[in-house]
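See structure below.
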Protein chains: 2
Amino acid sequence: MSTRATKEALFDGFAQVAKALSNGRRAEIVDVLANGERSVESLAAEVHQSIANTSQHLQILKNAGLVTPRRNGTFVYYRLASPDVVGFWRALQGIARESRGDIERLVDEYLGDGSDDVEGLTKEELWKRIKRKDKLVVLDVRPQEEYEAGHLPGAVSIPLHQLKKRVKELPKSKQIVAYCRGPLCALAPDATRYLKSKGYRVKRLAEGAPDWEAAGYPLSRATDDK
Amino acid sequence: MSTRATKEALFDGFAQVAKALSNGRRAEIVDVLANGERSVESLAAEVHQSIANTSQHLQILKNAGLVTPRRNGTFVYYRLASPDVVGFWRALQGIARESRGDIERLVDEYLGDGSDDVEGLTKEELWKRIKRKDKLVVLDVRPQEEYEAGHLPGAVSIPLHQLKKRVKELPKSKQIVAYCRGPLCALAPDATRYLKSKGYRVKRLAEGAPDWEAAGYPLSRATDDK
DNA sequence: GGCATTGTCAAGTGTTCACTTGAATAGTAT
DNA sequence: ATACTATTCAAGTGAACACTTGACAATGCC
């Protein structure tokens, strides 16, 4: 009891959880998984790594208790072990941005920073407008898989890489609100910049689907809900 | 903008903050620093490491933006860079305990687990009793330095390793409430077990000084406030 | 059954990590 | 200046890490 050895083992245990997130690629994986479960193959493509390497990263995350696998046929789907992991990941991002100017600068660069004067919209405001059935198009620009795993009620799915091709599906008359994975996801900022340049009336939800859900608002899982 | 390289750099940045806590000894350092600033020498003793090694760990924590140094004469005192770091550290502990049974078991072992049937007391309750000047002794069993860096109002300081020698200073007639660094600190559990075996009326505050402060209650810095 | 597909495991390689040792620096006291 | 202290820096060593490659296991399809 309260021996030095036990204390070391305990703190090594805490450290192991931090170690799971101490690699950029693993951090990316957690960020993606916050948007729903994914197969190993799909995650590997997302983080630009080999399947074997991605699998090994996933083992590390699993041993740290952050993710759990589910087998379905020849596929293995991983998801976050608990919703708390999202909160923890967000806390880490917050600390990092706050205490390190260089990271804040990278965020600006990544999101396309100041030159984008697209108006923002809060979750609360958007929810109000969805409930009173305002004429607006909620646009989910994440990959198809993430849309299917859960999206904002009534949202339309056009993954960013298809936007140029499918932009005509969007009405110029209505207000468009785009969103993606979260405040540090570049998909929606890219989309809104493009749409704005094409003359659409577009705003952006700063937060993403995981934050929306964490705030207590409902996600829809219907295959298509125009 | 939103290039793969920028994204990698950004997530590597997040990962670097996690990496700072990915070592058991550094985690211990952060845990101690949550109770106030400390010199390198003092930290080295606390984590049972050489001074050179401790200094290097501190450089890593500093580069991650988690701690900052302050020079005073020949001494260098380190402290947490922001109060948010305490919150983040607590979040990490929470995630680790929740998602990993083995860690929960280590916690039990470290704290001296179930055999201790000392009554607990919440911050709220204790604050009420301090305010209405109940006859109770609030006992701080952390090292002298931490007591001096900030303690509960009216608390008496008897570091755990001096408790046997100085136990006679405590009145058997009054209720004693011991506390230390936090819910995962073994000092107060050890102290309450000992005091109870000697026939004192003793309770334990589950949280520690950093939590007390984070909850908005005042800490006292008076050198001695019996 | 054979065979393709998805994922995991094992071994190998260059890099980073944690720690030690001993020298260099910054500040204080004499 | 000189001696002394607390800390940092630089170099070295064995262990762990991140990634690759190729073999193996699990599942489903024919």
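- Of the candidates C:dC19, D:dC19, C:dT6, D:dC19 carries the atom nearest the A:N53 side chain, counting heavy atoms from C-beta on.
- Residue A:K19 has no polar side-chain atom (N or O) positioned under 4.0 Å from OP1 or OP2 of D:dA16.
- Taking 4.0 angstrom as the limit, B:N23 places a side-chain polar atom (N or O) nearer than this to OP1 or OP2 of C:dA18.
- Between A:E8 and A:R4 there is a salt bridge, since a side-chain N of the basic residue sits under 4.0 Å from a carboxylate O of the acidic one.
- Going from atom CD of A:Q59 over to atom C1' of D:dA18 covers 15 Å, rounded to whole Å.
- A salt bridge is defined here as a Lys NZ or Arg NE, NH1 or NH2 lying under 4.0 Å from an Asp or Glu carboxylate O, and A:D190 with A:R193 meets this definition.
- Under the 4.0 Å criterion applied to side-chain N and carboxylate O atoms, A:E146 and A:R38 are assigned as salt-bridge partners.
- When distances are taken from the side chain of B:S55 to each of D:dT8, C:dT20, C:dT8, the shortest belongs to D:dT8.
- One atom, CZ of B:F75, and another, C1' of C:dA26, lie 14 Å apart when rounded to the nearest Å.
- Contact annotation: the side chain of A:P83 never approaches that of A:E213 to less than 4.5 Å [non-hydrogen atoms, C-beta and beyond].
- Look at CG on A:N72: it is 18 Å from P on C:dT5, rounded to the nearest Å.
- Nearest to the side-chain atoms of A:S39 among the listed nucleotides C:dG7, C:dA18, C:dT28 stands C:dG7.
- Nearest-nucleotide positions on DNA chain D place B:Y78 closer to the 5' end than the other of B:Y78 and A:R26.
- Between A:T74 and B:I51, the residue anchored closer to the 5' end of DNA chain D is B:I51, taking for each the nucleotide with the nearest heavy atom.
- Checking C:dA18, D:dT7, D:dA18 against the side-chain heavy atoms of A:H57 singles out D:dA18 as nearest.
- Comparing C:dA18, D:dA10, C:dG7 by their closest approach to the side chain of B:Q56 singles out D:dA10.
- Put simply, CZ on B:R70 is 16 Å from C1' on C:dA26, counting in whole angstrom units.
- Rounding to whole angstrom units, CD1 of residue A:I29 and P of C:dG7 are separated by 13 Å.
- A:R181 and A:E28 are not joined by a salt bridge, as no carboxylate oxygen comes within less than 4.0 angstrom of a charged side-chain nitrogen.
- One interatomic measurement links the two molecules: CG of B:L58 to C1' of C:dA18, which rounds to 14 Å at whole-angstrom precision.
- Mapping A:A52 and A:R71 onto DNA chain C via the closest heavy atom, the residue that lands nearer the 5' end is A:R71.
- Look at CZ on A:R25: it is 14 Å from C1' on D:dC17, rounded to the nearest Å.
- In this structure, A:Q16 atom CD and C:dA18 atom C1' are separated by 17 Å, rounded to whole Å.
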